[in-house]
Amino acid sequence: MSRIDRRFAAVKAQGRAALVTFVMAGDPDPALSLDILKALAKAGADVIEVGMPFSDPMADGPAVQAAGLRALHAGMTLRGVLKIVAEFRKQDADTPIILMGYYNPIYVYGVDKFLTDAKAAGADGMIVVDLPPEEDEELCLPALKAGLSFIRLATPTTDDARLPSVLANTSGFVYYVSITGVTGSARPDYSRVAIAVKRIKGHTALPVAVGFGVKDAAAAREIAQSADGVVVGSALIDALAGTLDAQGRGGPATVAAVGKLAGELAAGVAAAKERAIP
Amino acid sequence: MNLSSPNSLRQGPDARGHFGIFGGRFVAETLMPLILSLEKAYDEARQDPAYHAELKHLLTHYVGRPSPLYYAERMTERLGGAKIYFKREELNHTGAHKINNVLGQILLALRMGKKRIIAETGAGQHGVATATACARFGLECVVYMGAVDVERQKPNVFRMNLLGAKVIPVQSGARTLKDAMNEALRDWVTNVDDTFYCIGTAAGPHPYPAMVRDFQCVIGDETRKQMMELEGRLPDSLFACIGGGSNAIGLFHPFLDDPSVELYGVEAAGYGLNVPNGHAASLAGGRPGVLHGNRTYLLMDDDGQILEGHSISAGLDYPGIGPEHAWLKENGRVTYLSATDKEALDAFQLCSKLEGIIPALEPAHALAKIVEIAPKKPKHHLMVLGLSGRGDKDIFTVADHLGGM
Ligand SMILES: Cc1ncc(COP(=O)(O)O)c(C=O)c1O
């Protein structure tokens, strides 16, 4: 059983959904970024997605774009991301870490070397936005072979005919993108999200986490009624960005702001009592 | 498509959109179903004679095709070597080759019932062509253009506005073509139901590189026929500039299986290939990577972050190149050269003064290499420049560089 499987099972045993948080590695700088990961875990994040910054994040909205740029300006590289993960793992043996980003930096780093180094750093899986099932040979299949999870996005445009191919090589959990759009977009229609989660669950035994457009504890609670996990990214990044000075520098207040919102989100998720799912 | 011989270089891509290791479909899941349905619609359209007939009619009566193959007599005399012809795409309606591709895609959008068209543009030529076709067919048109390009190609921005399109200046990244493409992709991922993404060059996820190439092959097909009529034989060499590579692949592709025809693609060397991040020559100065839906040669740093690059020409200022060119470089069929800003400016002026044709800065790069190579060729060598666009849009940029005129 992988760390991701164990965590979702434990959360399910508590009768609640998981809180999955996303922040960009190296934002606003490498040292604070590590502190932020620790603060997230402490505040109740069950799974942490760590962004690997890329110059051209085609599927991201302004908040995540800006986070990536801050990280790159602060000198972040893929090697640096893995270093932060390794540091985090030294002190936290249980919280699953999912690397999230785009394919080019991984391709340039070298797929095999990336998988070896990611595993050694203590990462558990990855989400690579621009690798659909049609390109599984690139990274997905080698990742599974290396013992890392490859978490796929399912979207409102993924119909029933296509779902099986999207789910085929997915492991860990399924990430349902609640809207058509970039990260940080408008709030989704909760009733449609519930229907979509049910549809996906008809095709897989994996947990289904829902993200995009979840901005606060109330929204997290709504989503947690039907999903196995709630993913929050842009809202945490907005909280982070709100503490930076004119030069983009952060400090203890940055870590505290992210931790505070994560705590509220965790409480929101926990408050979703009348869970519709078995 | 020509399926003449098993060894033909004209059969690509394979069913998954690969030209050798290049190409592919590297897009977010949200877009994948859209790309598959586009591929299906295009496959159906190309087998439909009515679709071809309508496109042909538009190309003849709306665009003004065939474009002439013009003997550039004074340029030939001046250079003293090869006999030089211009394939005059600059005479097309809207002033560049871009309209050939746009009309093919817009007819496809109509077949698919899409009502809203989005496009990215660098020099503004593709944006103008798209805005034009949308006006002609009563479609909503949104064009993403880097804020830097909005500044340096003002006449085209005004043109697009006149044609009823909405031009959105893109402020992210280097604020040029690459960022405009990112923003168009973000729009498409958001507006999946009613929107058709009309890509302006032979790049992006499959089926775009092959589809855009097919639409631009009219350039090479006509050149072949016209040269047979004028000279009774095939040309000896073809030259075209390369941004994403659509005018070049359109000129070259019908000749790929004719080994006697030398093919030269010309990239933008900006301030010089040895100036870090100072050029836009992805084949000469880049290496394979994945961006905007395809694997191809890219300008990037050691961490895989895409570089911004530089060219005086907005239409060539792109850190990637269509995947078929990446493949044609590796198999050696096409020779890829580059021209600096300075060389392009010189060729721009030479063409204006000798031939009375003000070329766009983009094809001026290809002309710069003709200026270099034509004198070394014998007089019976038939050399063709793909004159992909006219230079009206560039006169202010050029004036700036020449310190006023
Ligand atoms: C006149 C002209 N030529 C060439 C290009 C470069 O595009 P491509 O390489 O796709 O032909 C452009 C792009 O804007 C252009 O306007």
Side-chain angles (χ1 to χ4, degrees), chain A residues 52-62 65-66 68-69 72 75-81 101-110 114 127-135 137-139 152-159 161-163 165-166 175-177 179-183 185-186 212, chain B residues 15-18 21 23-37 39 170-174 178-179 181-195 204-206 286-296 298-308 319-320:
Chain A
M52 302 175 280
F54 181 47
S55 53
D56 293 79
M58 282 97 62
D60 284 302
Q65 287 177 43
L69 284 182
L72 290 173
M76 193 45 39
T77 59
L78 186 47
R79 205 176 308 274
V81 175
Y102 295 81
Y103 186 40
N104 195 54
I106 296 171
Y107 180 70
V108 168
Y109 191 93
F114 169 74
I127 300 174
V128 183
V129 179
D130 50 354
L131 285 178
E134 280 73 5
E135 302 291 349
E137 286 155 35
E138 295 286 333
L139 181 64
R152 192 100 63 193
L153 305 180
T155 72
T157 60
T158 315
D159 60 17
R162 188 170 163 77
L163 254 181
S165 67
V166 168
Y175 184 152
Y176 180 67
V177 175
I179 48 146
T180 59
V182 293
T183 52
S185 312
F212 279 46
Chain B
R16 297 165 60 206
H18 292 149
I21 69 158
R25 292 175 286 205
F26 297 87
V27 296
E29 171 61 22
T30 309
L31 293 182
M32 199 59 221
L34 280 66
I35 282 166
L36 292 173
S37 81
E39 184 183 350
V170 175
Q171 301 290 352
S172 59
K178 143 182 110 78
D179 312 288
M181 195 148 182
N182 289 335
E183 214 52 42
L185 285 165
R186 290 182 187 120
D187 180 311
W188 203 22
V189 104
T190 307
N191 301 293
V192 294
D193 291 329
D194 62 341
T195 297
H206 179 63
R287 61 211 157 100
V290 174
L291 179 71
H292 293 156
N294 58 155
R295 183 181 356 248
T296 189
L298 299 172
L299 297 174
M300 57 183 156
D301 70 13
D302 291 340
D303 191 44
Q305 307 300 336
I306 308 302
L307 296 174
E308 287 151 7

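Worth knowing before you read on, the calculation uses all heavy atoms, side chains too, and leaves out hydrogens, waters and symmetry mates.
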Portion of A/D159 that has a non-hydrogen atom of chain B nearer than 4.5 angstrom = neither
inquiry  = Less than 4.5 Å to any heavy atom of chain A: does that hold for the side chain of B/H18, its backbone, both, or neither?
reply    = side chain
query = chain A heavy atoms under 4.5 Å from B/L307: which part of the residue, side chain, backbone, both or neither?
reply = neither
query = Which region of B/D193, side chain (C-beta onward) or backbone (N, CA, C, O), has a non-hydrogen atom less than 4.5 Å from a non-hydrogen atom of chain A, or is it both or neither?
reply = neither
inquiry  = Is B/I306 close to chain A through its backbone or its side chain, or both, or neither, when contacts mean heavy atoms under 4.5 Å?
reply    = both
query = Based on non-hydrogen pairs under 4.5 Å, which of A/V128, A/I106, A/L69, A/L72 is most in contact with chain B?
reply = A/L72
message = Check this for me, if you would: do A/E134 and A/R162 make a salt bridge, where the nitrogen-to-carboxylate-oxygen distance has to be below 4.0 angstrom?
response = yes
remark   = Okay, B/M300 and chain A: the region with an atom under 4.5 Å from a heavy atom over there is side chain
key: Nearest heavy-atom neighbours spanning A/M58 and A/V182   = O-CG1, 4.3 Å
request  = Locate the shortest heavy-atom distance separating A/M76 from A/V81; write the atom from each residue and the value.
outcome  = SD-N, 3.5 Å
query = Relative to chain B, which of A/V108, A/D130, A/I179 shows the most heavy atom pairs under 4.5 Å?
reply = A/D130
ask   = Under a 4.5 Å heavy-atom cut-off, does chain A meet the side chain of B/P288, its backbone, both or neither?
value = both
ask   = Is the A/Y103 ring parallel, tilted or perpendicular to the B/F26 ring (thresholds 30°, 60°)?
value = parallel
key: Close side-chain approach of B/M32 and B/R25, heavy atoms under 4.5 Å   = yes
remark   = If you tally heavy-atom pairs under 4.5 Å between each of B/N191, B/T30, B/L185 and chain A, the highest tally belongs to B/T30
message = Among A/P133, A/P57, A/G80, which residue has the highest count of heavy-atom pairs closer than 4.5 Å to chain B?
response = A/P57
ask   = Going from CD on B/Q305 to CG on B/D301, what distance comes out if it is rounded to the nearest 0.5 angstrom?
value = 5.5 Å
query = Within a reach of under 6.0 Å around CZ of A/R79, are more than 12 heavy atoms found that belong to other residues, nucleotides or ligands?
reply = no
